[in-house]
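Data first, discussion second: the structure below is written as structure tokens.
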4 protein chains.
Amino acid sequence: MAESALKKKENGRGTRATDAEETRFNILEVATAEFADKGLSGARIDEIAERTNSSKRMIYYYFGSKEGLYRAVLERAYTAVREVDADNRRDDLDPDAALRDVVGVTFDYHNQHPEFVRLVMNENILRGAHVGEVPGIRERNRKVIDQLRAILARGVASGHFREGVDPVELHMTISALCFYNVSNRYTFSFGFERDMSSPKALARRRMSVIDVIESWCRA
Amino acid sequence: MAESALKKKENGRGTRATDAEETRFNILEVATAEFADKGLSGARIDEIAERTNSSKRMIYYYFGSKEGLYRAVLERAYTAVREVDADNRRDDLDPDAALRDVVGVTFDYHNQHPEFVRLVMNENILRGAHVGEVPGIRERNRKVIDQLRAILARGVASGHFREGVDPVELHMTISALCFYNVSNRYTFSFGFERDMSSPKALARRRMSVIDVIESWCRA
Amino acid sequence: MAESALKKKENGRGTRATDAEETRFNILEVATAEFADKGLSGARIDEIAERTNSSKRMIYYYFGSKEGLYRAVLERAYTAVREVDADNRRDDLDPDAALRDVVGVTFDYHNQHPEFVRLVMNENILRGAHVGEVPGIRERNRKVIDQLRAILARGVASGHFREGVDPVELHMTISALCFYNVSNRYTFSFGFERDMSSPKALARRRMSVIDVIESWCRA
Amino acid sequence: MAESALKKKENGRGTRATDAEETRFNILEVATAEFADKGLSGARIDEIAERTNSSKRMIYYYFGSKEGLYRAVLERAYTAVREVDADNRRDDLDPDAALRDVVGVTFDYHNQHPEFVRLVMNENILRGAHVGEVPGIRERNRKVIDQLRAILARGVASGHFREGVDPVELHMTISALCFYNVSNRYTFSFGFERDMSSPKALARRRMSVIDVIESWCRA
DNA sequence: TATGAATGAGCCTTCATTCAT
DNA sequence: TATGAATGAAGGCTCATTCAT
């Protein structure tokens, strides 16, 4: 992660700047957990400050306000996703395997990052009030769509996939299936008395989701 | 809706009983909007009271606490869904048409009831803290699953559907696709610059979702 | 007790009046317990009403206000004491035995009626704001003092008691010793790790108190 | 008083720390008056805050809750008593004079500190719910008992006092007589039409109380 | 850069009391 | 006489934010 690197960033003048970045980083870590846990209105500045290595005053010093801190948290979460996607190169896989890989990786990321899912849920509760101020989201998404479009094109060319699958629709479908599994875990697993968190249940669902996507694209 | 009926419930003695139920009903309506809008912690009892025909004191008279009111709202929302499902009889449709109907109705319900979607989102933010106290959820869900199981069985028998589709997985898939379209509307439509609310966009997505489900079940 | 008699008071017209008195009586019983338990400000009208056979409205119907009810409770408690004192005739005892009897009976009454002690405590917390409106207190007290004065006089005449003991001072001394044992039971028994409520402890303290009074009056 | 000393506590860095203690002290002073006046349930946080040099918010900052403030007040009152007792050395007085001194000082303290008496009354109304959390009470009391035991022993040795007087019983008797004179002032002075607050009345009662104790212990 | 103290506005909740029937 | 519904005022408590040092 980029943030880990920041922690040890050295400079010639001493340790001051590094301390500042460490403080910022530490606050963000704590705040991410809090906002993901309770939402914007449910989180408490006092509680965040308490779990921090620094103080409440520092939160305002660095982030200006509760909303400013929330925005910084949201941005950091989206940035982390971007980095994951950027890492993946699938040009050497055949279209079908590439698609399965995209779906699988997406599924795994959501499960491994419930805090991201919860932040996005909360942002939608707020009707996207702050997402507009997070830079770079659209660029990242275009890349994601481009990648899917390329895979689809290769699949159509190779006869694996049917024509007419819109890459944005495809992404929305993948995203919905992966997101829901984490976002609605509590109400669904209670209401349908079905475990959704065990490795076994996740593995099974993972396969189902891949299967859904594949059967939809197949020629 | 059942509540509308209550409003006019007649009794021999006059209108008193009806007034109390009207008050309760009115509070629930307003509270549903508020909790769906801002979540449990974001909603304000004062604001709910203001938009009500009665007073803050009456909220506590009838519901005991903010959480008590929230639970009543949650229960009412789930009850409303149950009633919709119960109304639908699909025995006279062929399996394929029945399945398409189920998906379409589910899709429409979510779009027409964003407040339900938002309440469920919020309840998941709260890690399902209150859903356990809403009676009847599991019974209703069993009926939903039974209905899907029957459709799947008929489809397998007629050769339309493949074997091995688990009805709970199927429901989860349908639900995810319909839910996400409303729940993540704000972040998705911003991030991918795609309209998700216009009648045209909804009609298109509705078809896609039906198509996803159908192609997954098809033999 | 006079109140018990009221419960069954019959009249020619039916049961209406009796019901009313029963209601009043029942409210007073419950209110006495509540006010003795929590004090005037700590007691809750709602809770009193709940434990009553009737309703909150009836409390206001019969007693006008929370304070009115409190005054009625106070009056009833003082009336009960009066009746106990009136019952006691000690002319046939020798002065020493009579004095011992007065002290013993007073000690026992306080222990058997902690609710009376607590009501008086509370009234003193209120700086005696309502005791002035309770009729008959002074008359009763004059009788008590007269009785003590007579006993002292007989004792002086017989050579048992010294001269110069003021009957009001004597009553104050008796009262203080009997009252404190109940009123300060909680802080004292905690602070000095001494049981003050067991039959054994009470019997011992009873003897001490009698002894204190006796040795003070003895010639 | 220890608190007065705290007000001027000096430190090298300036006056900040002192300000905080002043605020705490000021709140405690006002709260003591309020709780002594109205009891725990009768006291109003708003009113306390108003009479303070600081604000309602500060009360919660320093004491957490109304009960927390009440406990702090109770502790301070008990601490003050301890200090008074600790000051008194009576080894150079003969047993009789020492006992008279103990009783007189106790009598005076109660009269000069009605707020202490009222706090203890209130705590007993609450059935000693908080006294257990006040540290040091038992230690202080043991010292008081030890002192009495020593006086009694000296008196028995010198032939002034009889044997068999239990020091705890003695303390209870002294305490009862001194406490009652303040605690039941309102109901008693009304009921018996006797002044209990004038210097003259107090002086007279003081002598009586000393006399009661003395005659009880005398050989 | 850092910290403990302080704050005003507002939040959830409760109370004694009254009204309509 | 009796009851459920309703209320205004206030009570305890919490929040995000700022100040003094």
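In what follows, chains carry the letters A, B, and so on, assigned in the order in which the sequence lines appear, proteins first and then strands, with residues in each chain numbered from 1.
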query: Counting only Watson-Crick or G-U wobble pairs whose two distances fall under 3.5 Å, which nucleotide matches E:dT21?
result: F:dA2
query: With respect to the phosphate group of F:dA6, does any side-chain polar atom (N or O) of B:S55 fall under 4.0 Å of OP1 or OP2?
result: no
- request: Determine: side-chain N/O of C:T23 to OP1/OP2 of F:dT1, distance under 4.0 Å, yes or no.
  value: no
- line: Of the candidates F:dC13, E:dA5, F:dG4, the side chain of C:R57 sits closest to F:dG4
- request: Starting from the C-alpha separation in whole Å, work towards a yes-or-no answer on side chain to side chain donor-acceptor pair (under 3.5 Å) for A:Y70 and A:E34.
  value: CA-CA 10 Å; A:Y70 170 79; A:E34 272 287 300; over 6 Å; no
message: Need to verify one output field. Residue with the more 5' nearest nucleotide on DNA chain E, A:S54 or B:S65?
response: A:S54
- prompt: So do A:R118 and B:I125 actually touch side chain to side chain, heavy atoms under 4.5 Å?
  reply: yes
statement: Of C:I45 and A:K56, the one whose nearest nucleotide on DNA chain E sits closer to the 5' end is A:K56
- line: B:K66 atom NZ is separated from E:dC12 atom P, nearest whole Å, by 4 Å
message: Heavy atoms only, 4.0 Å cut-off, all strands: where does A:A49 land among base, sugar-phosphate and nothing?
response: nothing
message: Check the phosphate of F:dT7 against B:Y61, side-chain N and O only, distance under 4.0 Å to OP1 or OP2. Yes or no?
response: no
- prompt: Between B:Y62 and F:dA6, is there a side-chain N or O to OP1/OP2 distance below 4.0 Å?
  reply: yes
message: I'd like to check D:Y78 versus D:V120 (side-chain heavy atoms, cut-off strictly below 4.5 Å). Are they in contact?
response: yes
Below 4.0 Å: OP1/OP2 of E:dG10 and any side-chain N or O of B:R44: no
task: Consider the side chain of B:D46, meaning its heavy atoms from C-beta on, and name the nucleotide among E:dC12, E:dA20, F:dT7 that approaches it most closely.
output: E:dC12
message: I want to check something: taking the side chain as every heavy atom from C-beta on, are B:M58 and B:Y61 in contact at a cut-off of under 4.5 Å?
response: yes
